[in-house]
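Take a look at the structure below.
For clarity, every value in this text was computed on a predicted model and none was experimentally measured.
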Amino acid sequence: MKKIYTLLFVALIACAAFSAKALTYQGTLVIEMMDGVINEGDETTYTVEVAPIGDGLCDFSLANFALDLGDGPVPLGDIFIEDVTTSTSDGVTTYSGSKEGLTLAEGDIVANVTLNGTEDANGAAVFNIDVMWIVDPTDPENMQIPINVVFTGSRTSGIALTTSHSSLTTTEYYNLQGVRVNSPIKGQIYITRNADKVAKIVY
């Protein structure tokens, strides 16, 4: 009986690691505003997180978004979009979502945001984030300023949403934080996955 409970516990840990672990991406931004790229040459590394919340849904965030209009970067905050839909075809995952009334710069900026993105089987990702800055939210016919943001980067942690359990033919190793390990170290504890089998082992 104790062995059964132990196996159930391991399975729950593994499922939690696979389903709830946020995917983290690091990359650069190209920001277009007023018919031109306003951050040309900017090599700042930005972080995107995609957190699965259910079948075909996730939350998306671009952390520490900033704009430089000539006087140095102005931090605006995080671009956070809930309930983004995902789908996978031929190893490519697509993302689509939107948020109305997103507040940035501690509420000084209100914007409507649309997200479209893709991630290939190797973790390379491109997210197109269209920000429509509403200059005066109290006036329904006010001027809106489009800010087109393109994130290009790669997955640095987490287990891809694109992987199908049944398609695996080799054993994959993950640490207890859900990060894939390419070269396991003898004596360390890992979660393994092969086809539909998940186990916790000492390598």
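The CD atom of E106 lies 10.5 Å from the CG atom of L76; values are rounded to the nearest 0.5 Å. Taken to the nearest 0.5 Å, the CG atom of D136 stands 11.0 Å off from the CD atom of Q144. Atom-to-atom distance recorded for L62:CG and T47:OG1 is 8.5 Å, nearest 0.5 angstrom.
In terms of modelled atom types and a separation under 3.5 Å, the side chain of T156 and the main chain of T24 share a donor-acceptor contact. Between the side chain of N112 and the backbone N or O of G101 there is at least one donor-acceptor pair closer than 3.5 Å. The backbone N or O of A124 sits nowhere less than 3.5 Å from a side-chain atom of N122 that would complete a donor-acceptor pair. Side-chain N or O atoms of D78 include none that pairs as donor or acceptor with a backbone N or O of F80 at under 3.5 Å. When atom types are taken as modelled, the side chain of N39 and the backbone of I31 share a donor-acceptor pair closer than 3.5 angstrom.
Residue M132 is not grouped with residue M143 when hydrophobic side chains (ILVMFWY) are merged at heavy-atom distances under 4.5 angstrom, including chains of intermediate members. A continuous path of ILVMFWY side-chain contacts below 4.5 Å connects L104 to W133, so both sit in one hydrophobic cluster. A continuous path of Ile, Leu, Val, Met, Phe, Trp and Tyr side chains, each step under 4.5 Å between heavy atoms, connects V113 with V135, placing both in one hydrophobic cluster. Follow the hydrophobic side-chain contacts under 4.5 Å out from L115 and you reach M33 in the same cluster. No path of Ile, Leu, Val, Met, Phe, Trp and Tyr side chains, each step under 4.5 Å between heavy atoms, connects V110 with V74, placing them in separate hydrophobic clusters.
Between P52 and A22 the shortest heavy-atom distance is CD-CA, 4.3 Å. Here the closest heavy-atom approach between residue T44 and residue T28 is recorded as O-CG2, 3.8 Å. Of all heavy-atom pairs between P73 and A66, the closest is CB-CB, 4.4 Å. When all heavy atoms of E82 and D59 are compared, the pair lying nearest together is CA-OD1, 3.3 Å.
The one candidate from T86, T88, D120 that meets the side-chain hydrogen bond (donor to acceptor under 3.5 Å, both in side chains) condition with T93 is T88.
If you look at Y46 and F151, their ring centroids are not closer than 6.0 Å.
A heavy-atom distance below 4.5 Å is found between the side chains of V50 and F127. Contact annotation: the side chain of V150 approaches that of V126 to within less than 4.5 Å [non-hydrogen atoms, C-beta and beyond]. Side-chain contact check for Y95 versus F60: every heavy-atom pair is 4.5 Å or farther apart. N128 is not listed as a side-chain neighbour of N148, based on a closest heavy-atom distance of 4.5 Å or more. When side chains are defined from C-beta on, L57 counts as touching T85, because their heavy atoms get closer than 4.5 Å. Counting heavy atoms from C-beta outward, V149 and F65 have side chains that approach closer than 4.5 Å. Side-chain contact check for I53 versus D83: some heavy-atom pair is nearer than 4.5 Å.
Within a 6.0 Å sphere centred on CD1 of I189, heavy atoms belonging to other residues, nucleotides or ligands number 12 at most. More than 12 heavy atoms of other shown residues, nucleotides or ligands fall within 6.0 angstrom of atom CD in Q188.
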Full working for side chain to side chain contact (heavy atoms under 4.5 Å, CB included) between T152 and V30 = CA-CA 8 Å; T152 303; V30 173; over 6 Å; no
Criterion side chain to side chain contact (heavy atoms under 4.5 Å, CB included) on I79 and L102, from CA distance to verdict = CA-CA 8 Å; I79 295 178; L102 174 74; 4.0 Å; yes
Verdict with reasoning, I147 to L67, per side chain to side chain contact (heavy atoms under 4.5 Å, CB included) = CA-CA 10 Å; I147 306 171; L67 281 181; 3.9 Å; yes
Apply side chain to side chain contact (heavy atoms under 4.5 Å, CB included) to the pair D42 and D68, showing each step before the final yes or no.
-> CA-CA 10 Å; D42 181 10; D68 187 348; over 6 Å; no
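Neither side chain, S98 nor T114, offers a donor N or O lying under 3.5 Å from an acceptor on the other.
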